[in-house]
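Contents: one structure, followed by commentary.
Numbering starts at 1 and runs along the sequence shown.
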Amino acid sequence: MSVPWLPRRLYVAGTCSAEVRNRLPPSHRSATKEIILLPPAEATSLAAFEAQQTLPIWTWVRIKKGLYKGDIGFVERSDQTDVTLIVAPRERPYDLPQQSGEKSLFSSELATLASLALEPITSPIGEDVGFRCGGHDFICGLLRLTVPTHSVVSVELPIPDDIAFHMVANFERTFVEKTVHLFFLAQFWRESDTVEICEGELSGSRGKLIDVEWQKRTASVLLLNAEAREGDLDDKDEAIHCCIQELRRVFSTGQTVRIIAGPYRGYVGHIITASGSSVSLQYDGQSPHLEVSELLLETHVPDHVRSLSTKHDAGMRMNLPEPAGQSPAR
């Protein structure tokens, strides 16, 4: 007989699996699989099995329930019962009622102004990494949140919009940078952007982008002769092809850039200083300058002079609210 939930299939019922196999034609004997029934005392439900699972650390998950439903968290530790995540806080001890539920980083200055007690949190190597305030731990401005293990689901590669606050907070920069590189960042690279090779025999060498093939996750880089392989006597510049993951963008003082993610998305300004993983950015002549992670920047080129040869995908832009009382540069 046929049943609606198995379209274009025949459903065969029998008193036992052996009876079903005996009634099948010889050409279909291999279509059945052995079914072994366990005594109820030896069996366990799927829900109970899932509840016993632990999540690998240094991965991303999406929360399925509660105030943080839909938010992405970084797995700090996990056991069969609970998982501890680092998430963008939606509640802070000093919040006004109307601010509850809004994402923003914890501010020790605002906590001090609200006369709240702050207890420093240090890493295993003794570095200050955050504060305990109002019964909650805040790491680099992000919230340490513990939820049941069964209330989250693993996410292999979150979109940058979901981890923008992790980038803004410069949290676990190497890991976040790898996540962003794999999914998103290179879509904002352009010809003539300066890049540095981070892996292989040419690690540390710099050059200019010739082309970016986003779909293939590859890029062509023109190395200046000073950066060519040792012993290469050719006076000409050297072009190489490599994976996007092997490259990182390099920014320099005086360069005009645009912020592509985070609370200041869309702002255009000039780099005052570039040091380590962040740059100091002058926006519209304002002071003090903005301190921005280099992960959040792209070279700003007016639309009418942009090259049409680089194969960038359009449309994957941040969708974060702008800071209150300010509007981005156009």
Does the side chain of [X] reach to within under 4.5 Å of the side chain of [Y], using non-hydrogen atoms?
X: T59; Y: S154; value: no
X: T146; Y: V83; value: no
X: I121; Y: D128; value: no
X: F131; Y: E119; value: no
X: L297; Y: V292; value: yes
X: F175; Y: F74; value: yes
X: I86; Y: L145; value: no

Measure across [X] and [Y] and return the closest heavy-atom pair with its distance rounded to 0.1 Å.
X: L247; Y: C198; value: C-SG, 4.2 Å
X: G101; Y: E91; value: N-CG, 4.4 Å
X: L209; Y: A219; value: CD2-CB, 4.0 Å
X: V129; Y: S123; value: CG1-CB, 3.8 Å
X: I271; Y: T273; value: CG2-O, 3.5 Å
X: R249; Y: W189; value: CG-NE1, 2.8 Å

Calculate, to the nearest 0.5 Å, the distance between atoms [atom1] and [atom2] belonging to [X] and [Y] respectively.
X: I210; Y: H241; atom1: CD1; atom2: NE2; value: 7.0 Å
X: E298; Y: F251; atom1: CD; atom2: CZ; value: 8.5 Å
X: L143; Y: L105; atom1: CG; atom2: CG; value: 11.0 Å
X: L290; Y: L281; atom1: CG; atom2: CG; value: 6.0 Å
X: K103; Y: L142; atom1: NZ; atom2: CG; value: 10.5 Å
X: R92; Y: L116; atom1: CZ; atom2: CG; value: 13.0 Å

For residues [X] and [Y]: do they belong to one hydrophobic cluster (side chain heavy atoms under 4.5 Å, members Ile, Leu, Val, Met, Phe, Trp, Tyr)?
X: V257; Y: V250; result: no
X: F165; Y: W58; result: yes
X: I272; Y: I259; result: no

### Query
Any side chain to side chain donor-acceptor pair (under 3.5 Å) pairs touching residues 136-145, not counting sequence neighbours?
E76-R144, R132-D137, D137-R144

For the residue pair [Y] / [X], report whether a side-chain donor-acceptor contact shorter than 3.5 Å exists.
X: E196; Y: S205; result: no
X: T256; Y: H270; result: yes
X: S107; Y: E109; result: yes

Main chain of [Y], side chain of [X]: is a donor-acceptor contact present, judged purely on distance under 3.5 Å?
X: T179; Y: P158; value: no
X: K69; Y: R62; value: no
X: S100; Y: L96; value: no
X: S78; Y: L55; value: yes
X: S151; Y: V147; value: no
X: S280; Y: E291; value: no
X: T54; Y: Q80; value: no
X: R206; Y: T194; value: no

### Message
Centroid separation under 6.0 Å, is that true for the rings of F106 and Y94?
### Response
yes

### Task
Let me know which of V152, D71, V155 forms a side-chain contact (heavy atoms from CB on, under 4.5 Å) with V61.
V152

### Query
Can V153 and I63 be said to form a side-chain contact (heavy atoms from CB on, under 4.5 Å), step by step?
CA-CA 7 Å; V153 59; I63 302 172; over 6 Å; no

#### Entry: side-chain contact (heavy atoms from CB on, under 4.5 Å) between V221 and L223, worked out
CA-CA 6 Å; V221 180; L223 297 178; 4.1 Å; yes

### Stepwise side-chain contact (heavy atoms from CB on, under 4.5 Å) check, R258 with Y267
CA-CA 6 Å; R258 190 180 77 92; Y267 288 8; over 6 Å; no

### Query
Step by step, would you call I240 with L222 a side-chain contact (heavy atoms from CB on, under 4.5 Å)?
CA-CA 7 Å; I240 66 168; L222 184 66; over 6 Å; no

### Query
Looking at R248 and E199, does any basic side-chain N land under 4.0 Å from a carboxylate oxygen?
no

### Message
What I want to find out is whether R190 reaches D193 closely enough, with some N-O distance under 4.0 Å, to be called a salt bridge.
### Response
no

### Query
Is the W60 ring parallel, tilted or perpendicular to the H166 ring (thresholds 30°, 60°)?
perpendicular

### Message
Can you tell me if Q98 has over 12 outside heavy atoms packed within less than 6.0 Å of its CD?
### Response
yes

